[in-house]
Each structure stands twice: as structure tokens, then as C-alpha cells.
Amino acid sequence: MACLELDSSQFLLNGDGNVIGSPFDIQLECNSFTGSKAVQDHSRYNLPSQCTNAPDPPPLPGTSYGAHRTSRNAKACRCVPEEIQDFWDKMFFEAYQYDLRVLTEDGNEVMSHSCVVGIKSPVLRAMLEEAKVQGGIRHILIPGVPSEAVHVFIRFLYSSRFEQYQMKRYVLHLLVLSHVFSVPSLKRVCINQLETSLLSPENVVDILQLARLCDAPRLSLICTRMIIQDFKTITQTEGWRVMRQANPSLEQELLESLVEEDTKRQERARKLEENKVYLQLHEAMEAIVHICRDGCRTIGPRDQTLKSGQAVCRFPACKGIELLLRHFSACKMRVPGGCANCKRIWQLLELHSRMCSAPETCHVPLCRHFKEKMQHLSRKEEAKWNLLVSKVLESKATTSSISERRKFPSLKT
């Protein structure tokens with residue numbers, strides 16, 4: 001038997017709340033008697049703390065544990081004891097002094113009590129007020145669902161209990177009943193059961209349509225995501241073929257959602273690739289400064305002697321920049337259009353000059369030259385270079401913040 005716990009809550013540069021309790025909403029206050037007794041004891045012994053105006057002490061550090069403990073105790077107080085649920089279950093199954101017959105479409109009936117049913121469902125209460133009375137017994141009809149589903153539904157109104165095999169078999173009928181008769185506690189249970197264990201490629205289309213009819217937006221969203229993620233398989237099911245004929249507008253909406261999701265996926269991939277390029281450019285800037293200021297392996301400033309046994313370089317782009325600089329210093333191509341590698345290092349040097357904040361003391365060649373060249377660029381060229389610089393700096397900042405979050409995964413404020 002399933003019982004619910006009752007709770008309320010490469011370098012590239014572009015040139016261009018209802019509590020599921022008893023039907024009478026019995027509220028159990030666990031500390032009601034002990035609290036009054038404690039007050040009497042205090043007055044009996046006349047403790048000095050009652051005669052002082054000193055304020056209450058502040059909470060100790062680490063109040064999150066105290067809050068968690070208080071929340072846990074409050075939750076325990078809101079739970080209906082097993083004996084109470086057993087009582088309401090027994091009252092339902094024995095139908096002691098019943099005054100209501102709930103009729104089903106197949107001719108069966110469920111004996112129950114109008115006071116219980118009416119309190120748990122405002123819709124059923126309105127039906128009871130208009131129901132015919134025969135021999136002191138009211139009669140109401142719940143059509144459109146199997147009698148077993150009606151039986152599970154009425155039992156849930158009493159004790160909030162159900163058998164798991166019944167829920168698995170009649171969950172869709174119970175979802176409809178909970179929506180039609182306004183029983184939000186049962187509706188939450190049905191939605192949770194569907195979300196956690198009962199959704200499958202074969203029934204997800206049917207459940208999506210039912211979720212929309214029964215005003216279950218979260219379940220509808222989960223079904224839509226499942227269809228998009230496994231679209232090829234789900235379109236081969238019987239539910240999809242029936243939906244195409246009966247609800248073509250929903251098919252069109254799902255196809256549009258699929259296209260939108262694919263577009264978003266491509267956009268995310270493009271941004272990741274773009275950010276990777278900007279990060280490579282930032283590493284290239286660091287490697288250029290490192291080579292021109294400190295020297296690395298076989299290349300460096302003229303006033304510094306390189307050591308053959310130096311440690312492995314920590315700049316990932318250093319080797320590639322070293323090869324480009326060597327080619328740049330020895331290249332003798334003098335044709336229209338120039339050398340592609342020389343153009344690349346030329347662009348990197350210009351990018352460095354735009355990011356350098358101290359050109360007077362900078363060791364990178366042509367840094368000051370490019371600073372002077374900036375003053376003669378058009379507004380369009382200037383905006384393009386400024387955008388590139390901001391993207392390169394932003395990529396490094398984003399990478400650093402992600403690294404910090406991974407370094408301290410359990411840090412809590």
C-alpha cells in the first residue's frame with residue numbers, strides 16, 4: 001500500500017498548498033499540551049527570567065542547521081498518524097452508516113458519506129446539494145471512467161491512500177477526476193507519479209494532451225521535452241499517429257518547438273566555438289608578452305640569455321606564437337597580398353597594442369606604432385577592434401569564473 005506523507009510544500013579575425021489530511025482538515029498541534037504545561041511550571045517556580053526585561057539572545061552562528069531542524073519538526077507535526085489514516089480507510093471500506101451512493105457508468109456503485117465527499121471536493125458538494133434523495137440516501141453519478149477508478153478516487157478522499165498497482169493502471173483517469181472535481185492533492189500525486197515513473201515513449205503524446213486539458217503545465221513541459229529529445233522514436237508510435245489526425249495543431253506546435261530547440265542548440269554550439277576562439281586569442285596575447293619580456297625556449301629579447309634547461313612553458317599558445325615570430329622575422333615574401341602567416345602575426349601584434357595599458361615600457365615590437373595608428377582609423381574600424389577586444393577579455397573572465405565554481409563546488413554563502 002502506498003501512503004502519502006502529508007506535507008504542504010585557432011585564431012580567427014572577422015574582417016567584417018492543500019494538506020492531504022483527513023476530510024475534516026484535522027490539524028494536529030504536537031506541542032499544544034506540553035506548551036501550556038510549561039507555562040504553568042514557570043509560574044509555579046517564579047523563575048527570575050520572567051522578571052527581567054532583557055531581550056532574547058541572538059541565534060548562534062550556522063542558523064541553517066537550526067532552520068532545517070525546525071522545518072523538520074514542523075513537518076513531523078503536520079503528518080497525520082497512521083492510526084488516523086487507518087480509521088478513515090476503515091470507515092470507507094466498511095461504509096458504516098453511509099448516506100451516499102456514487103454511481104458509475106457501468107452500473108456499479110460506491111458507498112460513502114456525503115459529509116466526507118463534500119468537504120474534500122467543492123464540485124461534489126455542489127452535486128450533493130442537487131442530488132436526489134431516496135430513502136435518506138443521496139445518489140450521484142460519475143460517468144466516463146471505470147468503476148475501479150471511481151473506487152480509488154473516493155478512497156483517496158477519505159484517507160489519501162491508494163495501491164500502487166491501481167495508481168499505475170488508472171493514473172490517467174484519476175488525473176481527470178482530480179481536475180474535474182477540484183482535488184488538488186490527488187492531482188499532485190498523479191502528476192508526480194507520471195513524471196517520476198509512468199512516462200514512456202508510447203504514452204507521452206497522450207499524456208501531453210491530457211496534461212493540457214487538465215491544466216498541468218509542468219507535466220506538459222516535461223512531455224514536450226521528452227518528445228523533442230526522442231522525436232524520431234515517438235513519431236513512430238500509435239499515439240503520435242492518432243494525434244496527427246485528431247489534433248493537427250498540436251503536431252504543428254511540436255514541430256515548431258523541435259525547430260526552435262534545434263536552433264537554440266546550434267546557437268549554443270556556435271557561441272561555444274566562438275568563445276573558444278576568443279580564449280585562444282587571449283592565450284596568444286599572454287604568450288606574446290611572455291616571449292618578448294622573458295624569452296622562451298629558443299626565442300626571446302636581445303638583452304637576455306636563454307637557458308637551454310629551462311622548465312616547461314606554462315603558456316599553452318607559446319609554441320605556436322614562437323613559430324609565427326620566427327617566420328615573421330625571416331620571411332622575404334614581397335608580393336601583393338603578402339604572406340598569410342605574416343598577416344596573422346601582424347594582426348596579433350595590433351590586437352596586443354589595443355589591449356596593452358603600458359606601451360612606453362612594453363617589450364612587444366610595434367606596440368607603440370599601433371597605438372599611434374589607432375588615431376587614424378575610421379569609426380567603423382575602431383568599433384570593430386573595440387568589439388574584438390571586449391570579447392577576448394570577456395572570454396577569459398568567463399573561463400576564470402567557471403574554474404572558481406568548479407574549485408569550490410560545496411561553498412555556501
**Prompt:** So, do F153 and Y170 have ring centers that fall under 6.0 Å from each other?
**Reply:** no
**Study point:** Side-chain heavy atoms of E163 within contact of M167, under 4.5 Å
**Key:** no
Going by an N to O cut-off under 4.0 Å, is there a salt bridge joining E251 and R241? no
Heavy-atom closest pair (R125 atom, G118 atom, distance to 0.1 Å) is NE-O, 3.1 Å
When V123, L100, V133 are each screened for side chain to side chain contact (heavy atoms under 4.5 Å, CB included) with L128, the one that passes is L100
Trace of the side chain to side chain contact (heavy atoms under 4.5 Å, CB included) decision for C339 with H327: CA-CA 10 Å; C339 173; H327 170 84; 3.0 Å; yes
Is there a side-chain contact between C292 and P365 in this structure, where contact means two heavy atoms from C-beta onward sitting under 4.5 Å apart?
yes
The reported gap from CG in N192 to NZ in K187 (rounded to nearest 0.5 angstrom) is 14.5 Å
- Message: So F181 and P122, do their side chains get closer than 4.5 Å, heavy atoms only?
- Response: no
Of all heavy-atom pairs linking L324 and I345, the shortest is CB-CD1, 4.2 Å
What one should report as the nearest heavy-atom pair of V171 and K168 is CG1-O, 4.1 Å
Would you say that V364 contacts C356 through its side chain, given a criterion of any heavy-atom pair below 4.5 Å between the two side chains? no
Discussion item. Looking only at side-chain N and O atoms, does Q266 offer a donor or acceptor that is under 3.5 Å from a partner on D262?
Written reply: yes
L366 meets the side chain to side chain contact (heavy atoms under 4.5 Å, CB included) criterion, sequence neighbours left out, with W346, L349, H369, F370
Discussion item. Looking at E382 and R354, is there a salt bridge between them, counting it only when a charged N and a carboxylate O are closer than 4.0 Å?
Written reply: yes
Let's go through L254 and M243 carefully: what are the C-alpha distance in whole Å and the side-chain angles of both, what is the deciding distance for side chain to side chain contact (heavy atoms under 4.5 Å, CB included) to 0.1 Å, and is it a yes or a no?
CA-CA 11 Å; L254 290 173; M243 182 268 294; 4.0 Å; yes
Heavy-atom nearest pair, S200 first then M226, reads C-CE, 3.5 Å
Discussion item. Looking only at side-chain N and O atoms, does Q193 offer a donor or acceptor that is under 3.5 Å from a partner on Q164?
Written reply: yes
Would you please test H352 and C362 for side chain to side chain contact (heavy atoms under 4.5 Å, CB included) and show each step? CA-CA 10 Å; H352 160 77; C362 182; 3.1 Å; yes
Review point. Taking 4.0 angstrom as the limit, do D86 and R161 come out as a salt bridge?
Key: yes
Between the CE atom in M111 and the CD atom in E109, the distance rounded to the nearest 0.5 Å is 3.5 Å
Closest heavy-atom pair, V116 versus L157, reported as atoms and distance to 0.1 Å, is CG1-O, 4.1 Å
Separation between CG (D206) and CD (E238), nearest 0.5 Å, reads 9.5 Å
Output for pair (E82 CD, D89 CG), nearest 0.5 Å, gives 9.5 Å
### Task
For the pair F231 and W240, evaluate ring-ring contact (aromatic ring centres under 6.0 Å, His included) and give the outcome as yes or no after the intermediate values.
CA-CA 10 Å; F231 188 78; W240 180 270; 5.5 Å; yes
Between H113 and Y158, is there a side-chain donor-acceptor contact under 3.5 Å, judged purely by atom types and distance?
yes
Compute the centroid of each ring, for F92 and then for H151, and state whether the two points are separated by less than 6.0 Å. yes
Quick check against the 3.5 Å criterion: does K391 have a side-chain atom that pairs as donor or acceptor with the backbone of Y278?
no
Rounded to the nearest 0.5 Å, the CG atom of L351 sits from the CD1 atom of I288 at a distance of 8.0 Å
Check your understanding: Side chains of R101 and Y98: is there a donor and an acceptor less than 3.5 Å apart?
Key -> yes
Enumerate, atom names and distances included, each donor-acceptor pair closer than 3.5 Å involving a side-chain atom of residues 207-221, sequence neighbours excluded.
residue, atom, partner, partner atom, Å
Q209, NE2, V205, O, 3.4
R212, NH1, E253, OE1, 3.1
R212, NH1, E253, OE2, 3.4
R212, NH2, E253, OE2, 2.8
R218, NE, E195, OE1, 3.1
R218, NE, E195, OE2, 3.1

- prompt: Does a salt bridge link R270 with E267, judged by any charged N lying under 4.0 Å from a carboxylate O?
  reply: yes
Residues P143 and E105: closest non-hydrogen pair is CB-OE2, 3.9 Å
Determine whether V183 and L177 satisfy the following criterion, side chain to side chain contact (heavy atoms under 4.5 Å, CB included), listing intermediate values before the conclusion.
CA-CA 8 Å; V183 185; L177 290 171; over 6 Å; no
Quick one: do E283 and K276 make a salt bridge, cutoff under 4.0 Å?
no
To the nearest 0.5 Å, atom OG1 of T224 lies from atom CD of Q229 at 11.0 Å
